[in-house]
2 protein chains.
Amino acid sequence: MPTPLVVEKTLSDKASLRLTEAIITGELQQGQKLSEADLATRYGISRGPLREAIRELEGMRLVKRVPHAGARVVKLDMAALADLYRVREALEGMASRMAAEQMSEQEVNALVGLLDAHEKQIEKSGGESYFQSEGDFDFHFHIAQGSRNQMLIDLLVGELYQLLRMCRYQTSHLRNRTHMALKQHRQIVEAIADGDGDLAELLMRRHISGAWKSIKAMMEENK
Amino acid sequence: MPTPLVVEKTLSDKASLRLTEAIITGELQQGQKLSEADLATRYGISRGPLREAIRELEGMRLVKRVPHAGARVVKLDMAALADLYRVREALEGMASRMAAEQMSEQEVNALVGLLDAHEKQIEKSGGESYFQSEGDFDFHFHIAQGSRNQMLIDLLVGELYQLLRMCRYQTSHLRNRTHMALKQHRQIVEAIADGDGDLAELLMRRHISGAWKSIKAMMEENK
DNA sequence: ATTGCTCCGATTGTTGACAATCATTCAGAG
DNA sequence: CTCTGAATGATTGTCAACAATCGGAGCAAT
């Protein structure tokens with residue numbers, strides 16, 4: 001039985017995906033208003049599904065909606081990013097702890113392999129492409145999965161990581177942090193391999209808190 | 001100028017509120033299917049707004065939707081509750097830390113007053129009414145506010161607390177924990193008053209982790 | 001008896017038209 | 001000239017009809 005090559009999706013789900021990408025890549029800029037009629041005709045669908053897609057993006061915190069006034073792309077100013085990184089610190093810290101408690105040896109090996117691949121990529125094409133190609137997300141994504149906590153996974157992958165991608169796309173990123181990041185990643189994996197939840201959480205929180213500090217410093221310097 | 005007594009809301013927002021209450025109180029039971037046609041006629045609205053309301057509830061994690069098959073009320077089994085309490089531990093721990101760093105003296109005093117009121121209520125009407133009347137939520141709600149972190153507040157108040165209310169409504173709750181809970185609340189406030197973020201986070205995490213252990217024990221015993 | 005197929009009813013997904021609301025503009029009074 | 005406020009255009013909210021899809025009942029063949 002041949003499986004269908006194109007997975008049939010509902011129009012609003014497809015619209016939701018397109019909108020998500022448009023927002024993250026900056027095709028729809030921060031604070032920009034989302035006109036229902038405009039987007040509907042542009043995507044070749046009706047306003048009904050599009051409205052539902054917007055409701056979905058609201059749930060992901062990518063847009064903010066105000067009744068009778070429409071939806072606007074969320075604005076990631078310094079305060080919002082500070083909030084985001086604190087929440088991320090809490091959630092990924094917990095994810096690392098739970099991953100340390102529950103990841104199988106096989107999964108840990110896969111993680112190590114992932115970091116090896118990342119290291120090679122960095123050596124070959126300069127640190128820049130690491131963040132740019134979202135290799136960094138691979139790592140954090142796998143840790144989230146390792147926690148076996150579905151709610152944690154949904155929160156991180158479905159909401160926080162989208163906002164982070166959005167931020168990363170729009171601010172050019174420091175490539176001098178890649179080596180430090182990779183080293184910290186290895187330390188975290190080591191703690192997970194040892195089943196040391198306390199240490200894994202501590203290291204992940206430091207890793208994220210440090211990333212925020214350097215982003216913040218860069219933002220304050222560049223403007 | 002007299003402010004309007006009835007705040008005009010959109011139909012889908014009103015439906016969203018009604019549905020939320022119906023789910024939390026158990027009027028719509030866990031796992032039950034939400035029929036669009038049925039609910040729409042019952043609420044006296046059309047299917048359009050109702051569908052948007054369901055999308056909103058999906059964002060709050062109160063229902064789970066599968067394309068072409070409808071939406072069902074989420075099932076809070078043991079595994080889901082375990083996940084929920086771990087996430088809560090991480091987020092409220094962070095909220096307590098930030099509250100300790102940022103709450104004003106005045107706000108802390110208000111918190112102390114709140115706990116005094118709670119204590120009186122417990123003495124007067126037995127411990128039972130404390131959890132039942134959602135006095136416990138008052139406390140956690142104020143701490144979230146104190147964090148000054150809007151994303152944290154949205155996550156806790158808009159999503160996690162709804163699920164917790166749902167759980168609390170349906171499982172009769174231990175009243176022998178009220179005294180211990182109150183004592184722990186006081187310790188947390190003390191840490192916040194001292195501006196000791198480390199301790200505030202630690203105590204809150206213990207508080208929540210302890211609550212989960214006793215709930216889990218009760219569930220395993222009762223079935 | 002069980003497996004597979006077809007048809008049918010019920011439910012969800014989608015559409016375009018209609019109603020309500022908001023923001024802007026422009027006229028007129030002070 | 002400024003401020004108020006009423007008309008107007010554009011945008012969002014709502015509705016009811018239509019199309020697409022899923023699940024199950026019933027029947028036939030092995």
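Below, read A as the first sequence line, B as the second, and so on, with proteins coming before strands; counting in each chain starts at 1.
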Distance check needed: D:dC18 P versus A:Ile45 CD1, whole Å only. 22 Å
side-chain hydrogen bond (donor to acceptor under 3.5 Å, both in side chains) partners for A:Glu159, two or more places apart: A:Arg61, B:Arg61
Quick one: which protein N/O atoms are closer than 3.5 Å to N/O atoms of nucleotides 10-14 of chain C? Pair and distance per line, please.
| residue | atom | partner | partner atom | Å |
| --- | --- | --- | --- | --- |
| C:dT12 | OP1 | B:Leu34 | O | 3.4 |
| C:dT12 | OP2 | B:Glu36 | N | 3.4 |
| C:dG13 | OP1 | B:His68 | N | 3.2 |
| C:dG13 | OP2 | B:Arg51 | NH1 | 2.6 |
| C:dG13 | OP2 | B:Arg51 | NH2 | 3.2 |
| C:dG13 | O3' | A:Thr10 | OG1 | 3.0 |
| C:dG13 | N7 | B:Arg47 | NH2 | 2.7 |
| C:dG13 | O6 | B:Arg47 | NH1 | 3.0 |
| C:dT14 | OP1 | A:Thr10 | OG1 | 3.1 |
| C:dT14 | OP1 | A:Leu11 | N | 2.4 |
| C:dT14 | OP2 | A:Thr10 | OG1 | 2.9 |

Run the salt bridge (Lys or Arg N to Asp or Glu O under 4.0 Å) test against A:Arg88 and tell me which residues pass, sequence neighbours left out. A:Glu92
Could you work out, with side-chain hydrogen bond (donor to acceptor under 3.5 Å, both in side chains) as the rule, every residue matching B:Arg18, not counting sequence neighbours? none
With B:Ala53, which residues qualify under side-chain contact (heavy atoms from CB on, under 4.5 Å), at least two apart? B:Ala15, B:Ser16, B:Leu19
In whole angstrom, give the distance that lies between atom CD of A:Gln32 and atom P of D:dT11. 14 Å
Residues forming a salt bridge (Lys or Arg N to Asp or Glu O under 4.0 Å) with B:Arg72, sequence neighbours excluded: none
